[in-house]
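Every heavy atom of this structure was used, including side-chain atoms; hydrogens, water molecules and symmetry mates were not.
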Amino acid sequence: KVMFVHDAAGELVFDRILIEQLGKPPEAVVSVVRESPILADATREDALAAGLDTVARVVTPGTDCLGLPLHFCSAELRDAYRAADLVIAKGQACLETLEGKDARIEGEEKDVFFLLRVKCALLARHLGTCVGDCVLEVA
């Protein structure tokens with residue numbers, strides 16, 4: 001089971017292609033999008049327009065804030081997170097809210113794979129990269 005946490009609305013078609021390449025049936029994939037946009041974040045409406053509902057079950061976190069702070073998310077989202085064998089989270093805000101101990105629910109640790117572009121010097125130092133780099137990081 002895969003949980004894919006989306007970031008920008010403009011990337012959803014490419015995200016759908018990546019999900020298709022995983023070769024999982026739609027019932028084995030959960031796509032997480034925002035209930036309402038924060039900055040350029042993807043919403044349910046955007047996900048449906050991009051056809052994500054044909055490759056995954058589309059859910060929202062049940063809270064409107066940047067990233068995915070699990071302790072503020074709905075029971076549905078937390079259950080899907082617990083059930084996931086693989087979590088792919090896009091964007092710096094997801095890294096900031098799901099790294100290390102923040103990726104745990106009730107003490108259960110989970111590896112999260114982050115896809116992001118490094119946008120500030122602080123994060124570049126933290127990851128050992130340069131500002132502007134595209135990064136795949138596991139934490």
Applying side-chain contact (heavy atoms from CB on, under 4.5 Å), run through L12 and L52 and close with a yes or a no.
-> CA-CA 8 Å; L12 288 176; L52 276 174; 3.6 Å; yes

Side chain to side chain donor-acceptor pair (under 3.5 Å) between E137 and H126: does it pass, once the steps are laid out?
-> CA-CA 11 Å; E137 177 77 16; H126 176 69; over 6 Å; no

Under the criterion side chain to side chain contact (heavy atoms under 4.5 Å, CB included), which of L116, V33, D41 is the partner of D7?
->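 Testing D7 for a side chain to side chain contact (heavy atoms under 4.5 Å, CB included) against L116, V33, D41 leaves exactly one candidate, D41.
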
Residue of the set V30, L68, T60 for which side chain to side chain contact (heavy atoms under 4.5 Å, CB included) holds with L77 |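 Checked V30, L68, T60 against L77; only one passes side chain to side chain contact (heavy atoms under 4.5 Å, CB included): L68.
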
Transitively linked via ILVMFWY side-chain contacts under 4.5 Å: V58 with V13?
->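 No, V58 and V13 fall in different hydrophobic clusters.
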
Considering only heavy atoms from C-beta outward, does the side chain of [X] approach that of [Y] to under 4.5 Å?
| X | Y | result |
| --- | --- | --- |
| V118 | L127 | yes |
| V2 | L22 | yes |
| V112 | V138 | no |
| P61 | V32 | yes |

Answer yes or no: does atom CD of E45 have more than 12 heavy-atom neighbours from other residues, nucleotides or ligands under 6.0 Å?
->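 Counting neighbours around CD of E45, 12 or fewer heavy atoms of other residues, nucleotides or ligands fall under 6.0 Å, so no.
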
Has K24 got more than 12 heavy atoms of other residues, nucleotides or ligands less than 6.0 Å from its NZ?
->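 Atom NZ in K24 is not crowded, with 12 or fewer foreign heavy atoms closer than 6.0 Å.
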
Quick one: closest heavy-atom pair of T54 and P26, and the distance?
->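 Shortest heavy-atom separation between T54 and P26 comes out as O-CG, 3.4 Å.
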
Kindly give the heavy-atom pair with the smallest separation between I19 and S31, and that separation in Å.
->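 Heavy atoms only, the tightest pair is CD1-OG, 3.7 Å.
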
Just list the side-chain donor-acceptor pairs under 3.5 Å for residues 82-92, sequence neighbours left out, or say none.
unit_1	atom_1	unit_2	atom_2	d
R82	NH1	D79	OD1	2.8
R82	NH2	E106	OE2	3.2
D85	OD2	K1	N	2.7
K90	NZ	E11	OE1	2.7
K90	NZ	D15	OD1	2.6
Q92	NE2	E96	OE2	2.9

Taking R57 for the side chain and E27 for the main chain, is one N or O donor matched with an acceptor at less than 3.5 Å?
->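 Looks like no, no N/O pair under 3.5 Å.
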
N/O donor-acceptor pair under 3.5 Å between R16 side chain and A50 backbone |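 Confirmed, R16 side chain pairs with A50 backbone.
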
Verdict with supporting geometry, L123 and L95, side-chain contact (heavy atoms from CB on, under 4.5 Å) | CA-CA 10 Å; L123 185 60; L95 176 73; 3.3 Å; yes

